[in-house]
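Everything on this sheet refers to the single structure shown next.
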Number of protein chains: 2
Amino acid sequence: MQIRKEELTAALIDYLLTHGLSELSLRPLAAELGTSARLLIYHFDSKEGLLAAAMDAMHTHLRHSLQALAEAEAPKGIKPLRRFWDWAIAAENLPYMKLLYELQMLAVRNPETYGPFLQNSAAGWLALVKRIMPDDERDAAMTSLPIAVFDGLFLELMSTGDRRRTTRALDRFIELVEQARLHRAQAVRKPRKAATRKRGA
Amino acid sequence: MQIRKEELTAALIDYLLTHGLSELSLRPLAAELGTSARLLIYHFDSKEGLLAAAMDAMHTHLRHSLQALAEAEAPKGIKPLRRFWDWAIAAENLPYMKLLYELQMLAVRNPETYGPFLQNSAAGWLALVKRIMPDDERDAAMTSLPIAVFDGLFLELMSTGDRRRTTRALDRFIELVEQARLHRAQAVRKPRKAATRKRGA
DNA sequence: CTTGACGTGTAACGATCGTTACATGTAACG
DNA sequence: CGTTACATGTAACGATCGTTACACGTCAAG
């Protein structure tokens with residue numbers, strides 16, 4: 001019955017992964033962990049310390065898992081963005097990603113409460129995104145776009161649970177980027193310019 | 001009858017627009033409205049009734065404002081998606097949109113609390129989106145995509161407040177769709193390769 | 001003037017919150 | 001053995017939560 005801090009943290013994350021952050025309360029949490037609120041405070045000093053430990057563990061999990069993805073050999077024919085998506089919606093990462101997005105949203109409205117738990121995970125994402133977009137598109141707006149597509153689709157996935165639809169939409173975006181790149185390549189090779197502009201709606 | 005209730009609802013929304021939903025408490029709310037918690041319960045029956053009234057008013061505002069947009073004459077040269085974006089980030093709509101997104105996220109984790117306040121605003125969006133994508137792309141994935149782009153960029157706007165960057169990214173997406181359409185049109189006119197058709201991943 | 005509905009203030013209820021006081025059990029070490 | 005440090009249980013504290021009881025004032029209708 002002697003649970004130490006690390007074991008507590010692991011169980012704590014499991015709890016947060018299914019119950020979310022916003023309505024966390026010490027006593028119900030302690031009840032499900034088989035301990036008491038007293039113990040949680042003893043080990044984590046305060047509720048905030050408890051949240052800090054949990055959020056840190058979450059970030060650590062995601063960082064390690066993402067690093068493993070980056071180091072693994074990339075299969076041919078799968079675009080980085082799609083590979084990132086598959087990683088995110090994999091069973092072992094999806095709950096963590098949901099928690100991360102929940103944190104991000106809560107931090108928008110309650111920065112003083114949740115802001116301290118934000119780590120710059122976007123920096124990690126960016127390293128991957130850098131390889132997604134064509135080089136000549138690497139301005140700020142064009143790195144924003146794939147991340148926004150990812151975020152938006154992940155949002156829809158969280159709301160509807162529709163993996164097929166969201167994944168297909170992501171593939172459509174990738175095709176779109178491909179086609180546009182191809183089109184630009186052709187336009188450079190044979191610059192006919194204004195003659196091809198016709199539909200504007 | 002019940003004139004007081006309408007005034008209260010208006011003030012209530014103003015409060016929620018700036019303070020958010022997740023940490024709403026009757027007494028601080030009442031204090032800022034210059035009344036008492038007693039009064040709020042008297043007029044709205046319960047906290048849930050109060051939230052219901054507020055969320056209904058929010059949906060009503062958005063629906064009316066969006067309808068006004070749909071009925072207004074569309075300026076030439078501005079794509080519908082961009083027009084929708086400009087509407088959403090306009091000063092009079094942005095706080096409502098933020099509140100809507102907050103509601104949507106809270107409903108993901110706490111459906112029993114916030115689910116009842118969800119109305120199918122996506123249906124309203126869809127009517128606009130229908131005119132955004134080219135006709136031959138109107139499958140489910142391709143209507144998901146612009147909405148996801150919008151959602152993702154709006155999320156980033158909420159987090160960073162960077163209007164310029166997000167708006168520019170949206171414009172890039174629109175260009176992307178345009179270029180892809182143009183490319184496909186050329187491919188149809190001179191079908192050199194079958195590679196530009198659908199690939200099954 | 002009386003009645004009764006609406007609106008409001010004060011105060012309290014029971015529940016739950018994060019946190020703390022106090023006592024105790026366990027086990028390693030001198 | 002006793003000491004010491006960590007771990008744990010029981011209970012309670014004060015604060016705040018949504019909600020309710022009760023009394024009072026206003027004002028139009030009878």
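The model shown is predicted, which means the values in this text are computed figures rather than measured ones.
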Counting the atoms with a prime plus P, OP1 and OP2 as sugar-phosphate, which does A:Leu24 contact under 4.0 Å by heavy atoms, base, sugar-phosphate, or nothing?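 Sugar-phosphate, no base atom in range.
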
At under 4.0 Å between heavy atoms, what does B:Ser46 touch on the DNA or RNA strands: base, sugar-phosphate, or nothing?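 Sugar-phosphate contact only.
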
Return the angle between end axes of the helix from C:dC1-D:dG30 to C:dG30-D:dC1, with five pairs used per end and rounding to 10°.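 End-to-end axis angle: 30°.
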
Side chain of [X] - closest among [options]:
X: B:Pro28; options: C:dT19, D:dG18, D:dC17; value: D:dC17
X: B:Leu39; options: D:dT8, D:dG18, C:dG7; value: C:dG7
X: B:Ala37; options: D:dT19, D:dA7, C:dG18; value: D:dT19
X: A:Tyr42; options: D:dA7, D:dT19, C:dG18; value: D:dA7

Which salt bridge (Lys or Arg N to Asp or Glu O under 4.0 Å) pairs, counting each pair once, include a residue from residues 13-33 of chain B, with sequence neighbours left out?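 Counting only pairs at least two positions apart or across chains, no salt bridge (Lys or Arg N to Asp or Glu O under 4.0 Å) contact touches residues 13-33 of chain B.
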
Pairs satisfying salt bridge (Lys or Arg N to Asp or Glu O under 4.0 Å), at least one member in residues 152-161 of chain B, at least two apart: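 Those involving residues 152-161 of chain B are B:Glu156-B:Arg165.
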
Nucleotide [N], atom [atom2] - distance to [atom1] of [X] in whole Å:
X: B:Phe44; N: C:dG7; atom1: CZ; atom2: P; answer: 12 Å
X: A:Leu8; N: D:dC6; atom1: CG; atom2: C1'; answer: 14 Å
X: B:Leu50; N: D:dT19; atom1: CG; atom2: C1'; answer: 13 Å
X: A:Glu23; N: D:dC17; atom1: CD; atom2: P; answer: 15 Å

Are there any protein N/O atoms within less than 3.5 Å of an N/O atom in nucleotides 21-24 of chain D, and if so, which ones and at what distance?
{"unit_1": "D:dA21", "atom_1": "N6", "unit_2": "B:Arg38", "atom_2": "NE", "d": "3.2"}
{"unit_1": "D:dC22", "atom_1": "N4", "unit_2": "B:Arg38", "atom_2": "NH2", "d": "3.4"}

N or O in side chain of B:His43 less than 4.0 angstrom from C:dT8 OP1/OP2: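 Result: yes.
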
Does D:dG18 have its OP1 or OP2 closer than 4.0 Å to a side-chain nitrogen or oxygen of B:Ser25?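 Checking D:dG18 against B:Ser25, a side-chain N or O does come within under 4.0 Å of OP1 or OP2.
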
With [X] via side chain to side chain contact (heavy atoms under 4.5 Å, CB included) - residues at least two apart:
X: B:Pro111; value: none
X: A:Ala31; value: none
X: A:Lys98; value: A:Leu94, A:Phe154, A:Met158, B:Arg109
X: A:Asp45; value: none

Straight-line distance of B:Ile13 CD1 to B:Met55 CE, nearest 0.5 Å: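 Rounded to the nearest 0.5 Å, the CD1-CE separation comes to 7.0 Å.
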
Tell me, please, which residues at least two apart from A:Asp86 pass salt bridge (charged side-chain N to carboxylate O under 4.0 Å, His left out).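 A:Asp86 satisfies salt bridge (charged side-chain N to carboxylate O under 4.0 Å, His left out) with A:Arg82 once adjacent residues are dropped.
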
In chain order, what residues pass the ring pair (Phe, Tyr, Trp, His ring centres under 6.0 Å) check against A:Tyr15, with sequence neighbours excluded?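 Testing A:Tyr15 for ring pair (Phe, Tyr, Trp, His ring centres under 6.0 Å), a comparison that skips the adjacent residues, returns A:His19.
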
Tell me every residue that passes ring pair (Phe, Tyr, Trp, His ring centres under 6.0 Å) with B:Tyr96, counting only those two or more places apart in sequence or in another chain.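 Applying ring pair (Phe, Tyr, Trp, His ring centres under 6.0 Å) to B:Tyr96 gives B:His61.
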
So, do B:Leu170 and B:Leu81 sit near enough that their side-chain heavy atoms are less than 4.5 Å apart?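 Side chain of B:Leu170 against side chain of B:Leu81, heavy atoms only: contact under 4.5 Å found.
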
Using the 3.5 Å cut-off, write out each protein N or O paired with an N or O of nucleotides 12-14 of chain D and the distance between them.
{"unit_1": "D:dA12", "atom_1": "N6", "unit_2": "A:Arg27", "atom_2": "NH1", "d": "3.4"}

